[in-house]
Amino acid sequence: MNRLFRLAPVLRARKAQEDAARGAVIQSRAEIREAEALVKRRKLDLVGADAPNEGSARAMVAALVARQSLAAGLFDAQRMVTSAEVIEQEKLAALADAAKRRRAVELMAERHAATVKAHDLKTDQAALDELAVTAEARNAAGNVADPNRSEA
């Protein structure tokens, strides 16, 4: 019986793929946090840019255009958060898939280990049985060779 699990390199590769997928999820979550921080900054900028109550028409139009620009920046930042969350879901799906593939090979490794253990136990039991039969035969042969010897 082959004691080595032939798919051990595959298992190591699957573990590496899962680790890479986990790293991608962590990176994706960092990108979401960065995008959320950007949204927060843009909201603060927009709140801080109140429209002037007085001044020339040009100044009021310029202030309104600036607020529109800030609002567009806020909208873009919110879209970045949504996009980053979608990417995170894709990365989580890839991580789950990598974990399933790794677990499938791990199950094969566990079955192989159980088979090896069962084979070892069977071999040990056969050896013990052989020793018992041999000892019994020796005892029987000893009694035949020495008929005066009594059994205890």
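The chain is numbered in sequence order, starting from 1. Computed from heavy atoms alone, side chains included, the values below leave out hydrogens, waters and symmetry copies.
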Exercise. Are D120 and R3 close enough, and set up right, to give a side chain to side chain contact (heavy atoms under 4.5 Å, CB included), and what steps lead you there?
Worked result: CA-CA 10 Å; D120 290 347; R3 302 186 68 73; 2.7 Å; yes
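With values rounded to the nearest 0.5 angstrom, S69 atom OG is found 10.0 Å from L46 atom CG. To the nearest 0.5 angstrom, L44 atom CG is 11.5 Å from L70 atom CG. With rounding to the nearest 0.5 angstrom, the NZ atom of K122 is 12.0 Å from the CG atom of D129. Interatomic distance, S83 OG to I32 CD1, rounded to the nearest 0.5 Å: 9.5 Å.
Between E36 and Q78 there is no side-chain heavy-atom pair separated by less than 4.5 Å. You'll find the side chain of L121 stays beyond 4.5 Å of the side chain of Q125, heavy atoms only.
Counting all heavy atoms, side chain and backbone alike, S28 lies closest to A84 at OG-O, 3.7 Å.
V10 belongs to a hydrophobic cluster whose remaining members, ordered by chain and number, are F5, L7, L11, V105, M108; membership requires side-chain heavy atoms of ILVMFWY residues under 4.5 Å apart, directly or through intermediates. Side-chain contacts under 4.5 Å among hydrophobic residues (ILVMFWY), followed directly or transitively, place F75 with no other residue at all. Cluster partners of V61, by chain and number: V65. The rule joins Ile, Leu, Val, Met, Phe, Trp and Tyr whenever side-chain heavy atoms lie under 4.5 Å apart.
Side-chain atoms of Q17 and R101 form a donor-acceptor pair, as typed in the model, at a separation below 3.5 Å.
Salt-bridge annotation for D45 and R42: absent, with no side-chain N of the basic residue lying under 4.0 Å from a carboxylate O of the acidic one.
Distance alone, capped at 3.5 Å, is enough to place a donor-acceptor pair between the T115 side chain and the R111 backbone. At least one donor-acceptor pair under 3.5 Å links the side chain of T123 to the backbone N or O of H119.
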Enumerate donor-acceptor pairs with a distance under 3.5 Å from any side-chain N or O in residues 85-92 to protein atoms, sequence neighbours excluded.
| residue | atom | partner | partner atom | Å |
| --- | --- | --- | --- | --- |
| E88 | OE2 | R29 | NE | 2.8 |

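Not counting sequence neighbours, the partners of R103 by the side-chain hydrogen bond (donor to acceptor under 3.5 Å, both in side chains) test are E106, E110. The side-chain hydrogen bond (donor to acceptor under 3.5 Å, both in side chains) search around R22 returns E18, D19, not counting sequence neighbours.
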